[in-house]
Peer 1: 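Please see the structure below; I have some questions.
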Number of protein chains: 2
Amino acid sequence: MNVTIYDVAREANVSMATVSRVVNGNPNVKPATRKKVHEAIERLGYRPNAVARGLASKKTTTVGVIIPDISSIFFAELARGIEDIATMYNYNIILSNSDQNKDKELHLINTMLGKQVDGLIFMGGDITEEHTEEFRRASVPVTLAATLDESEETPSVNIDYGDAAYEATEHLLSTSKRVAYVSGPDNTSINTKKLEGYKRALKDYNQGVDDELLVLGDYSYDSGLEAAEQIIALEERPGGVFVASDEMALGVIHGFQDKGISVPEDIEVIGFDNTRLATMIRPTLSTIVQPMYDIGAVSMRLLTKLMNKEQAEDTNVILPHRIIERNSTNQKK
Amino acid sequence: MNVTIYDVAREANVSMATVSRVVNGNPNVKPATRKKVHEAIERLGYRPNAVARGLASKKTTTVGVIIPDISSIFFAELARGIEDIATMYNYNIILSNSDQNKDKELHLINTMLGKQVDGLIFMGGDITEEHTEEFRRASVPVTLAATLDESEETPSVNIDYGDAAYEATEHLLSTSKRVAYVSGPDNTSINTKKLEGYKRALKDYNQGVDDELLVLGDYSYDSGLEAAEQIIALEERPGGVFVASDEMALGVIHGFQDKGISVPEDIEVIGFDNTRLATMIRPTLSTIVQPMYDIGAVSMRLLTKLMNKEQAEDTNVILPHRIIERNSTNQKK
DNA sequence: GTGAAAGCGCTAACAT
DNA sequence: ATGTTAGCGCTTTCAC
């Protein structure tokens with residue numbers, strides 16, 4: 001059997017309460033006894049049982065993290081931000097992939113709450129009323145990372161996707177009047193926001209929305225390749241393309257290059273996210289900087305505040321974004 | 001307060017033992033009572049407390065996963081394989097980054113064992129005697145994923161890195177007598193194996209090892225860029241370069257291209273891993289296929305067997321690898 | 001400063 | 001088929 005607090009108590013000739021005190025750093029212990037206890041712990045190789053502790057204290061020092069796909073370069077970066085801050089505050093993380101599948105998401109929320117996590121970080125596509133209801137039932141705090149909740153009921157950390165898309169489009173519009181948009185899957189609010197930003201920019205620059213300039217993708221490299229083909233097939237080729245993710249933008253650029261079209265000479269391309277991929281292509285990719293690591297880190301930090309019942313003034317955080325010009329767009333003025 | 005099994009028992013007019021039985025799917029319950037209990041559970045919104053269950057049953061249905069860096073494309077893919085199989089067998093995962101830092105690794109092993117994980121999957125650089133000792137102390141099974149343990153004491157899942165490197169080198173040697181090798185950090189056994197394979201191939205093809213053809217990298221894109229510069233600076237340029245990771249290989253290729261050197265016309269490049277990056281570059285990257293997802297999946301599957309005390313015949317699994325020819329090498333014969 | 005004792009919410013014999 | 005009763009290993013009052 002494993003060594004328990006009781007064994008340590010006997011070995012050190014004290015009560016288990018005292019052992020508990022020294023293990024938990026309670027100052028109300030005479031240095032001499034503390035020493036005795038530490039020695040006994042060492043001798044026996046005692047390792048506190050966190051499960052028992054969790055049951056007694058109603059705190060597990062672990063938080064649940066629900067993520068669409070950890071093998072995506074975008075989410076992996078977010079997860080790293082979350083984990084680093086979690087470690088800093090002495091939490092561990094239970095990580096599960098949802099594939100943005102609503103049933104899976106709801107199921108994961110439940111098993112994690114069953115495991116008595118002290119809090120939950122959720123990343124996903126859309127937050128439905130069902131999600132919100134589960135969160136309300138939770139009795140532990142929840143924060144959303146890079147995930148929109150229209151109701152703003154659940155604390156969240158994001159950038160302003162609409163403004164970001166606006167700026168990307170605007171950047172392209174300064175060179176060419178025809179700007180295409182390669183979107184992500186069309187059923188998430190983040191994509192809706194990006195599309196709105198794109199359209200708003202067109203409008204402000206007196207351009208109508210041309211449906212044939214709207215290409216539907218799924219964030220993947222291959223869908224970028226396909227998008228490029230669609231754009232090439234157009235009667236009148238646009239002068240710039242705004243692509244909703246970096247990975248897809250790489251596909252778009254290669255799709256053009258494979259057909260002998262040069263970026264940015266023949267057509268400009270701008271991406272979104274600024275993942276590491278953006279510098280791993282020639283020409284290097286101009287893109288919108290979305291601070292993924294920070295979004296993860298801030299959402300975890302926010303969660304710690306919520307878990308400690310600290311006053312968190314702003315629970316719907318908008319982090320800054322910016323545009324970074326590299327070589328897939330022409331130098332502006 | 002939260003709803004407990006006791007509340008459900010009262011609501012359904014049965015004992016808590018019966019509730020426990022229906023929750024755990026024990027067949028020894030009359031259908032009628034089962035129904036009553038389910039209704040009570042529904043009415044009260046009861047959700048079993050996994051922590052209490054874990055304490056009583058000494059099983060947590062969670063396994064620990066120690067990974068160098070989840071934001072690395074390579075490890076993220078491995079982690080996805082682990083998590084998918086874990087889900088399949090109803091386990092959850094506690095995930096932590098070690099940055100290959102030995103102190104962190106040892107510390108993580110301890111906190112995870114403290115949390116009473118039912119098993120542990122470890123990924124890292126080198127397995128030292130200290131690691132092995134912790135694993136022995138663990139009282140739960142441990143498996144290594146894409147991680148070598150010279151002693152073969154700990155169950156593991158890998159490919160044959162030496163043979164893989166041999167084949168990559170051999171492939172290049174069929175075109176050119178001078179083949180460079182860009183390695184990863186030189187202090188891990190996987191890199192030692194790769195280097196040995198490279199040297200063995202040179203020897204078999206009657207080539208001496210030329211130290212100036214050995215370039216030290218760190219698996220990163222930037223170190224690939226630097227490696228390319230070093231190779232360009234050589235008196236006599238090699239005809240092929242074997243690079244120890246795909247990401248670094250992209251760097252090498254771009255480093256060459258930035259200086260007007262064409263791949264594969266002027267110099268051939270072959271990578272290692274076959275991450276998604278391999279097709280996200282022009283020319284597409286010839287590389288060694290290391291089945292990362294499968295390594296994760298198999299190591300998790302192996303762990304489930306070990307946790308169930310099933311007979312696992314082979315506990316040091318070697319998965320097959322192969323070479324995939326794309327456009328960064330010339331078509332052979 | 002230290003100890004005794006009562007839970008935390010469940011599982012797992014053991015009865016019936 | 002169902003109920004009773006010990007724990008599981010800890011934290012946390014409450015005494016002393």
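To find a chain, count down the sequence lines: A is the first, B the second, and so on, and within it residues start at 1.
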Peer 1: Does B/K58 put a side-chain nitrogen or oxygen below 4.0 Å from OP1 or OP2 of D/dG7?
Peer 2: no
Peer 1: Grab the CZ-P distance between A/R10 and C/dG3 for me, whole Å please.
Peer 2: 15 Å
Peer 1: Categorize A/V14 for me: base, sugar-phosphate, or nothing, with a 4.0 angstrom heavy-atom threshold over every strand shown.
Peer 2: sugar-phosphate
Peer 1: Give a yes/no on whether any side-chain N or O of A/T33 is located under 4.0 angstrom from OP1 or OP2 of C/dT2.
Peer 2: yes
Peer 1: Taking any heavy-atom pair under 4.0 Å as a contact, classify A/S20: base, sugar-phosphate, or nothing.
Peer 2: base
Peer 1: Is there a side-chain contact between A/Y46 and the phosphate of D/dC10, meaning an N or O under 4.0 Å from OP1 or OP2?
Peer 2: yes
Peer 1: Would you say D/dG9 has OP1 or OP2 under 4.0 Å from some side-chain N or O of A/T4?
Peer 2: no
Peer 1: Kindly say whether, by distance alone, the side chain of A/R21 makes a donor-acceptor pair under 3.5 Å with the base of C/dG3?
Peer 2: yes
Peer 1: Please confirm whether the shortest side-chain N or O distance from B/N24 to OP1 or OP2 of C/dT11 is below 4.0 Å.
Peer 2: yes
Peer 1: Tell me what A/N49 touches on the nucleic acid: a base, only sugar-phosphate, or nothing, going by heavy atoms under 4.0 Å.
Peer 2: sugar-phosphate
Peer 1: Measuring to OP1 and OP2 of D/dT4, would you say a side-chain N or O of B/S15 lies under 4.0 angstrom away?
Peer 2: no
Peer 1: Can the ring centres of A/F135 and A/F122 be said to be less than 6.0 Å apart?
Peer 2: yes
